[in-house]
Amino acid sequence: MDEDLKSAISTHFPEFTETEFKSELLEECNIRHIPAGNPLVEMGQQIRSIPLVIHGKVKIFREDEDGHELFLYYLEPGDACAISFSCTLHDNISKVKALAVEDTDVISVPVRLMPHWMSIYRSWYRFVIDTYNDRFDELLAALDSIAFHRLDERLVDYLEKNQRALDTDVLNLSHQEIAFEMNTSREVISRLLKKLEQKGAVKIGRSKLEIIDLTLA
DNA sequence: ACATTAATTGTGT
DNA sequence: ACACAATTAATGT
């Protein structure tokens, strides 16, 4: 039972070196399974535990009051949601939405342990700082994309991210879904996709997109 | 196999 | 952005 957890930790989080830390992890944390398509954290929800993903893929969105969303980035095995770290210190509510796009397993680290662990386990301290840094960089990249790039470039960005994260050339997304995640209208996406198709970068199917070669874009 | 309907995509303003 | 046309996929008969 706990063997799964143990091996999951050592394969996806090899940076956790202290043996006492690892055994404490085993004691205090449990695995949570989230089926594909289900939310991990909803916008505005209290954060009581930090998810460390060990299987599957998780999409992170920003969401506004009337349900507009904006895709930010993917979380993969070995990643943690850094946004939730900040919530621990301020017992804040979540400012993002997290959605499992594949069947996903996470280790749930209770937030109450954070201050203690941060102070005594160096590898945990480093991990938190490092992932915070990585996510901050991604946020900046996302911000640049919106501020300085035109929509067609953003779309290519978006497709690249999906291709890389999901590790496939075939994306099962409707134009509507893409538009939603990029916070634009469906028509615009349709038109941009058609341009990409004409350049031979993608092939359009119904609720399906085959990526041929994005460098042609 | 065919008709009906719903969902997705295309186009013009 | 909106309205509507066209096309494709899904479902029932």
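Nothing here was measured: the structure is a model prediction, and the numbers come from that model. Residue numbering restarts at 1 for every chain, and letters A, B, ... go by the order of the sequence lines.
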Name all pairs fulfilling the salt bridge (Lys or Arg N to Asp or Glu O under 4.0 Å) condition that reach into residues 129-146 of chain A, sequence neighbours left out, sorted by first residue then second. A:Asp79-A:Arg135, A:Arg126-A:Asp130, A:Arg135-A:Glu138
Partners passing ring-ring contact (aromatic ring centres under 6.0 Å, His included) against A:Phe16 (at least two apart in sequence or in another chain): A:Phe13, A:Phe21, A:Trp124, A:Phe127
Do nucleotides 1-10 of chain C as a string where each nucleotide becomes B, S or -: B if the base has a protein heavy atom under 4.0 Å, S if just the sugar-phosphate does, - if no protein is that close. BBB---BBS-
Do any pairs count as a salt bridge (Lys or Arg N to Asp or Glu O under 4.0 Å) and have a residue in residues 175-193 of chain A, sequence neighbours left out, and if so which ones? A:Lys59-A:Glu181
Sidechain N-carboxylate O distance under 4.0 Å for A:Glu69, A:Arg62: no
Kindly write out the residues that satisfy side-chain contact (heavy atoms from CB on, under 4.5 Å) with A:Gln163, not counting sequence neighbours, or none if the list is empty. A:Asp169, A:Ile211, A:Leu214
CZ of A:Phe180 to CG of A:Leu70: how many Å apart, nearest 0.5 Å? 11.5 Å
Which two nucleotides bound the region of DNA chain B that has atoms under 4.0 Å from heavy atoms of chain A, read 5' to 3'? B:dA7 to B:dG12
With no hydrogens and no angle check, do the side chains of A:His55 and A:Thr104 hold a donor and an acceptor under 3.5 Å apart? no
